[in-house]
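Encoded as structure tokens, the structure appears first; notes follow it.
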Amino acid sequence: MNDYQITLDNISKSFSNRLVFKNLSYQFEPKKIYGISGKNGSGKTTLLKLISGVLTPTKGKIRHTYQNKIINQENAFQHIGFVAPYLILYDEFSAIENFNLLSKIKGKYFDLEYCKGLLTRLELYERRNEPLKNFSSGMKQRVKLLFALLNNPSVLILDEPTTNLDKQGKEIFTELIKIQKNKIIVIASNDSSEITMCNNILNIEEFTK
Amino acid sequence: MYVILCLCDLVAKNMIKAFYIFVKDWKSEMRTRYAFNSQILFILITITIVSISVSTDISNAMTCGLYWLVIFFAAMSGLSRTFVTEEERGTILTLQLNASSTVIFSGKLLFNLFLLIISNIIITLSFALFLKLFIISNFLIFLLTFILGSIGIASTATIISAIISKTNTRGSLFTILSFPLVLPLIIVLIDLTNLLSENIQIHQVVNQLVILISYDVIVITASFLLFDFIWKD
């Protein structure tokens with residue numbers, strides 16, 4: 001049972017003098033898929049980075065709780081899987097080397113068999129030992145999806161997750177998301193096929209003025 | 001007692017994670033040779049020029065000055081890469097999503113220290129081989145000077161590398177920012193190494209060693225406190 005919750009408590013974010021959004025309050029609960037919509041530059045990515053603890057809000061608080069215990073924002077990354085086109089893995093390493101090293105850096109157990117299963121599902125198994133620099137952008141996106149699912153995180157944050165994926169890749173992505181149980185899934189996108197998967201939509205533009 | 005045990009456990013876990021950042025950086029370095037090649041080339045060229053141009057009547061003080069000068073610039077040529085490559089390749093976010101800032105700084109410091117110690121050993125052996133006036137009378141004091149100096153330079157270089165990775169003029173800024181911070185350390189290191197030409201004992205250089213230890217502790221503590229502000233936003 002996943003009791004993970006994320007609460008955005010009246011948060012605002014600005015860079016220098018540019019306000020991105022203000023007074024945003026929201027609650028993310030398990031077993032739901034949340035969509036974040038808004039035009040380009042409206043702050044979708046900024047919100048995802050704030051939730052994952054990479055950025056800190058200018059005002060307000062973000063609370064991560066697990067089984068009613070507050071998790072330090074500094075350690076929130078332990079519970080989060082993140083996919084984004086701008087997330088770059090180490091391309092001198094193979095997919096397995098990336099997963100092995102990054103799992104150990106994160107302090108998580110690296111389950112090679114589970115990883116091989118996901119590589120097979122994402123049709124990357126044959127090239128598992130090849131450096132990522134030889135991969136196409138679509139294959140790299142599949143690797144990132146696998147990377148996010150690897151440690152079975154409580155929260156999946158997906159920023160335009162099907163970017164660069166072909167039709168088959170998009171189908172595999174949809175299948176993999178549907179079988180995720182008890183997770184908080186947050187998808188930021190302008191792609192209608194991704195947004196239709198979501199139960200709740202948060203329109204970021206409502207908080208930009 | 002329980003709190004101390006928990007704290008030790010946390011430190012041990014973080015050190016293991018930091019070690020894996022070091023492993024990742026070392027494996028990456030062995031494949032890409034971003035820092036290592038430039039450092040080795042700098043050392044080879046400098047030692048060759050110094051050994052050809054310096055005459056035999058050069059003073060010991062000057063030899064010690066040259067020794068730490070070569071170490072400083074070798075460090076400047078390689079150690080800035082540690083955060084700059086992450087920024088240039090766009091892998092900063094990957095690191096941020098997998099480790100706390102304390103773990104990242106510890107891992108990067110470990111890697112820079114290891115790289116600096118390797119290059120410093122090469123520089124020391126080259127100086128001992130090619131410059132006759134590079135005299136070390138007390139090996140223990142030299143070893144302490146060498147280790148404390150390496151820790152000081154590596155920790156300063158690591159935090160400055162983190163600062164400059166966020167700027168546009170990385171190359172020049174690294175040396176400009178490092179020089180005033182490392183200068184007090186270099187002065188003491190030159191002084192200590194110069195004293196080693198005479199037959200001195202450890203009790204005669206306690207003050208210098210205390211300065212080196214204090215410098216290292218202050219820089220490392222300040223770096224850990226500041227790193228979170230540099231790393232985020």
Side-chain angles (χ1 to χ4, degrees), chain A residues 13-16 20 45-46 48-58 71-94 97-108 110 131-133 140 143-144 147-148 150-151 153 155-157 159, chain B residues 6 9-37 81-108 110-111 166 224-225 227-233:
Chain A
K13 182 67 187 175
S14 43
F15 292 107
S16 301
V20 185
T45 298
T46 303
L48 295 187
K49 285 184 177 177
L50 283 165
I51 295 170
S52 55
V54 173
L55 295 177
T56 45
T58 315
I71 294 164
N72 187 346
Q73 183 78 358
E74 167 96 336
N75 296 321
F77 69 88
Q78 292 278 2
H79 305 269
I80 291 171
F82 197 101
V83 179
Y86 48 83
L87 179 77
I88 315 282
L89 297 175
Y90 296 93
D91 63 5
E92 68 273 26
F93 297 138
S94 70
E97 281 175 316
N98 264 292
F99 302 147
N100 185 20
L101 280 168
L102 291 170
S103 293
K104 283 172 177 167
I105 288 170
K106 204 170 184 173
K108 302 273 185 189
F110 174 62
L132 295 188
K133 63 184 170 198
K140 282 181 183 170
V143 173
K144 288 177 213 172
F147 177 57
L150 196 64
N151 302 120
V155 185
L156 270 179
I157 294 179
D159 194 355
Chain B
C6 286
D9 183 53
L10 186 72
V11 170
K13 279 178 182 166
N14 279 347
M15 283 316 293
I16 292 168
K17 291 175 193 172
F19 173 73
Y20 281 112
I21 288 189
F22 164 78
V23 171
K24 175 204 66 84
D25 279 358
W26 182 248
K27 278 188 171 181
S28 178
E29 182 58 41
M30 286 299 99
R31 289 184 195 180
T32 58
R33 308 276 172 146
Y34 272 118
F36 201 64
N37 278 3
R81 305 299 301 169
T82 181
F83 282 106
V84 172
T85 46
E86 301 274 3
E87 191 71 43
E88 283 174 352
R89 299 161 74 201
T91 49
I92 285 272
L93 183 65
T94 310
L95 266 188
Q96 286 175 325
L97 289 166
N98 288 286
S100 66
S101 47
T102 313
V103 169
I104 293 166
F105 185 78
S106 308
K108 294 290 184 186
L110 209 61
F111 175 71
K166 307 281 180 192
F224 273 109
L225 292 173
F227 185 67
D228 210 35
F229 295 101
I230 300 162
W231 189 238
K232 288 193 173 172
D233 292 17

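Every chain is numbered from 1 and lettered A, B, ... according to where its sequence line falls, protein lines coming before strand lines. Source: prediction; values computed, not measured.
Contact of A:Asn98 with chain B is not made at all, since no heavy-atom distance falls under 4.5 Å. Only the side chain of B:Thr32 comes within contact range of chain A, with at least one heavy atom under 4.5 Å from a heavy atom of that chain.
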Would you please test A:Phe147 and B:Asn98 for side chain to side chain contact (heavy atoms under 4.5 Å, CB included) and show each step?
CA-CA 11 Å; A:Phe147 177 57; B:Asn98 288 286; 3.5 Å; yes
Using the side chain to side chain contact (heavy atoms under 4.5 Å, CB included) rule, take B:Val23 and A:Lys104 through it: C-alpha gap first, then chi angles, then the decisive distance, then the call.
CA-CA 10 Å; B:Val23 171; A:Lys104 283 172 177 167; over 6 Å; no
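One distance of note links CD of A:Glu92 with CZ of B:Arg89; it measures 4.0 Å at 0.5 Å rounding. Atom CG of B:Leu93 and atom CG of A:Leu89 lie 10.0 Å apart (nearest 0.5 Å). Note that CG of B:Asp25 and CG of A:Leu101 are 10.0 Å apart. Values are rounded to the nearest 0.5 Å. Rounding to the nearest 0.5 Å gives a distance of 8.0 Å between OH of B:Tyr20 and CG of A:Asn100. How far CD of A:Glu97 is from NZ of B:Lys24: 12.5 Å, rounded to the nearest 0.5 Å.
Smallest separation of non-hydrogen atoms from A:Glu74 and B:Ser101: OE2-OG, 3.5 Å.
In the displayed structure, A:Phe93 atom CZ is contacted under 6.0 Å by more than 12 heavy atoms of other residues, nucleotides or ligands.
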Using residues 77-88 of chain A as the side-chain source, report each donor-acceptor pair under 3.5 Å to any protein atom, sequence neighbours left out, with the distance given to one decimal.
from    : atom 1 : to       : atom 2 : distance (Å)
A:Gln78 : NE2    : A:Lys106 : O      : 3.2
A:Tyr86 : OH     : A:Asp159 : OD2    : 2.6

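Between chain A and the residues B:Thr91, B:Asn14, B:Leu95, the most heavy-atom pairs under 4.5 angstrom are made by B:Thr91.
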